[in-house]
Number of protein chains: 2
Amino acid sequence: MLSKKTKYGLKALTYLARVKGKEPVQIAEIAKQENISQKFLESILLTLRRNGFLGSKKGKGGGYYLIKEPHEIPMTTVMRVLEGPIAMVPCVSLNFYEKCEDCPDEATCSVHKLMIQVRDSALDVYRGNTLADLL
Amino acid sequence: MLSKKTKYGLKALTYLARVKGKEPVQIAEIAKQENISQKFLESILLTLRRNGFLGSKKGKGGGYYLIKEPHEIPMTTVMRVLEGPIAMVPCVSLNFYEKCEDCPDEATCSVHKLMIQVRDSALDVYRGNTLADLL
DNA sequence: TCGATAATCTACTAAAACTATAGGATAAAA
DNA sequence: TTTTATCCTATAGTTTTAGTAGATTATCGA
C-alpha cells in the first residue's frame with residue numbers, strides 16, 4: 001500500500017507544478033484544495049524541502065515552491081524520499097540493501113528471484129515518469 | 001514492503017514444489033528448513049489451504065501438499081491471497097476497487113495516473129511467473 | 001480401542017508503523 | 001511590534017504486523 005504521506009506528497013508536488021510561476025503557495029491553500037490535514041501536510045512539505053525538492057519562504061506572502069522544473073524531478077527520487085525503498089524486500093534493494101536473516105542463499109531464493117523482477121519493473125515506471133508527466 | 005506472511009508463504013510453496021511426489025510434508029519440517037516460526041507458518045498454510053493452493057492430511061504421516069502442478073499456480077493469485085491487492089492504491093485496483101475519499105476526480109489525479117502504470121507493470125511480472133518459474 | 005501424531009481453530013498480545021495533533025519557536029513583512 | 005506563516009519537537013491514537021497460547025479434531029498404527 002502507498003502511504004498517505006506519499007500520496008499527499010505527490011499531490012502537493014503536482015499542485016505546485018500546476019501553479020504558474022514560482023510564487024510561494026501556502027500550506028493552508030494546498031491542504032484545502034487537496035483535502036489534506038494541514039498539520040500532516042506541514043510535516044510532509046518539510047521533508048520535501050529538506051530533501052531538495054522545495055524552497056520555502058516565511059512570513060506574509062510566504063509558502064512553498066518548486067526549486068526545479070517539473071521535468072527535472074524523476075519519480076524515482078520522489079518515491080525514495082517519501083515512500084522509502086522501491087524494492088519490496090531489502091535484499092533486492094539498490095539503495096537500501098540488507099541481507100535477509102532467515103535466508104541462507106540469495107542466489108537460490110525464490111522470493112529474491114521474483115522480487116528482483118518486481119523491483120525492475122517498478123523502476124522502469126518511476127524512471128520513465130517525471131513530475132511533468134503527471135500533469 | 002512485502003509482509004513476512006507473503007514471504008514465508010512463498011517459501012513454503014516453493015519448498016513443497018521442490019519435494020518430489022505428492023507426499024504430505026509436515027509444518028515442522030518446512031518451518032525448520034526455512035527458518036520460520038512454526039506457529040506463524042501454521043496460520044499461513046491454513047489460509048493457503050482455504051484458498052485452494054494446498055491440501056492437508058491430519059494425524060501421523062500427515063502434512064500439507066500442493067494440489068496443483070507448480071506451473072498451474074500463477075503468482076497473481078498467490079500474491080492476491082497472501083499480500084492482498086496488487087495495486088498500491090484502492091482506486092486503481094482491479095479486484096479490490098474503492099474510490100478515494102479525498103480525490104474528487106480520478107481522471108485528473110496525478111497519483112492515479114502513476115499508480116495505474118505501477119500496477120500494470122507489477123501485473124506483467126506476476127502474470128509471467130508461475131510457482132514453477134521460481135524453482 | 002487406545003495412544004501418539006499432526007492439522008485446526010479461536011483468542012489474545014506485543015511491537016512496530018502509520019496518521020496524525022499540539023504547541024511553541026523562528027523569521028519575514030507591514 | 002503585530003501579524004503571518006513556516007519550522008521543529010514531542011507525543012498520542014489507531015491500525016497492521018508478527019507471533020503465542022492453548023484447547024480441539026482427525027488420522028494412523030498397534
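All heavy atoms count here, side chains included; hydrogens, waters and symmetry mates do not. Here is how names work: the chains are called A, B, and so on, in the same order as the sequence lines, proteins then strands, and each is numbered from 1.
Without hydrogens or angle criteria, Asp133(A) side chain to Thr130(A) main chain gives a donor-acceptor distance under 3.5 Å.
Going from atom NZ of Lys5(A) over to atom P of dT14(D) covers 22 Å, rounded to whole Å. Following rounding to the nearest Å, Gln26(A) (CD) and dA28(C) (C1') show an atom-to-atom distance of 13 Å. The OH-C1' distance, from Tyr65(A) to dA28(C), rounds to 13 Å in whole Å. One can place CE of Met1(B) at 14 Å from P of dA16(C), the figure rounded to the nearest angstrom. Remark: C1' of dA6(C) and CZ of Arg49(B) are 13 Å apart, rounded to the nearest angstrom. As rounded to whole Å, 18 Å separates atom P of dC8(D) from atom CZ of Phe40(A). Going from atom CG of Leu82(B) over to atom C1' of dA18(D) covers 15 Å, rounded to whole Å. The interatomic distance linking Ile27(A) (CD1) with dA27(C) (P) rounds to 17 Å, in whole Å.
Residues forming a salt bridge (charged side-chain N to carboxylate O under 4.0 Å, His left out) with Glu69(A) (at least two apart in sequence, or on another chain): Lys22(A).
Looking at heavy atoms from C-beta onward, Glu98(A) lies out of side-chain contact with Ser93(A) at the 4.5 angstrom threshold. Between Glu106(B) and Lys99(B) there is a side-chain heavy-atom pair separated by less than 4.5 Å. The closest side-chain heavy-atom distance from Leu66(A) to Leu131(A) is below 4.5 Å.
Within a heavy-atom distance below 4.0 Å of DNA chain D, the residues of residues 28-38 of chain B found are Ser37(B).
Of the charged side-chain nitrogens involved, at least one lies within less than 4.0 Å of a carboxylate oxygen, so that Lys7(B) and Asp102(A) count as a salt-bridged pair.
Ser121(B) and Asp124(B) share no donor-acceptor pair across their side chains, judged by distance under 3.5 Å alone.
Linking ILVMFWY residues whenever their side-chain heavy atoms come closer than 4.5 Å, directly or via other members, places Met79(A) and Leu94(A) in the same cluster.
Taking side-chain N and O atoms only, Tyr8(A) has a distance below 4.0 Å to OP1 or OP2 of dA20(C). Neither OP1 nor OP2 of dA7(C) sits under 4.0 Å from any side-chain N or O of Arg50(B).
Distance check: His112(B) NE2 to Leu10(A) CG gives 14.0 Å after rounding to the nearest 0.5 Å.
With the nearest nucleotide of DNA chain C identified for both Glu83(A) and Leu46(B), Leu46(B) has the one nearer the 5' end.
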- How would nucleotides 22-30 of chain D be written as a contact map, 5' to 3', with B for base contact, S for sugar-phosphate-only contact and - for no contact, using protein heavy atoms under 4.0 Å? B--BBBS--
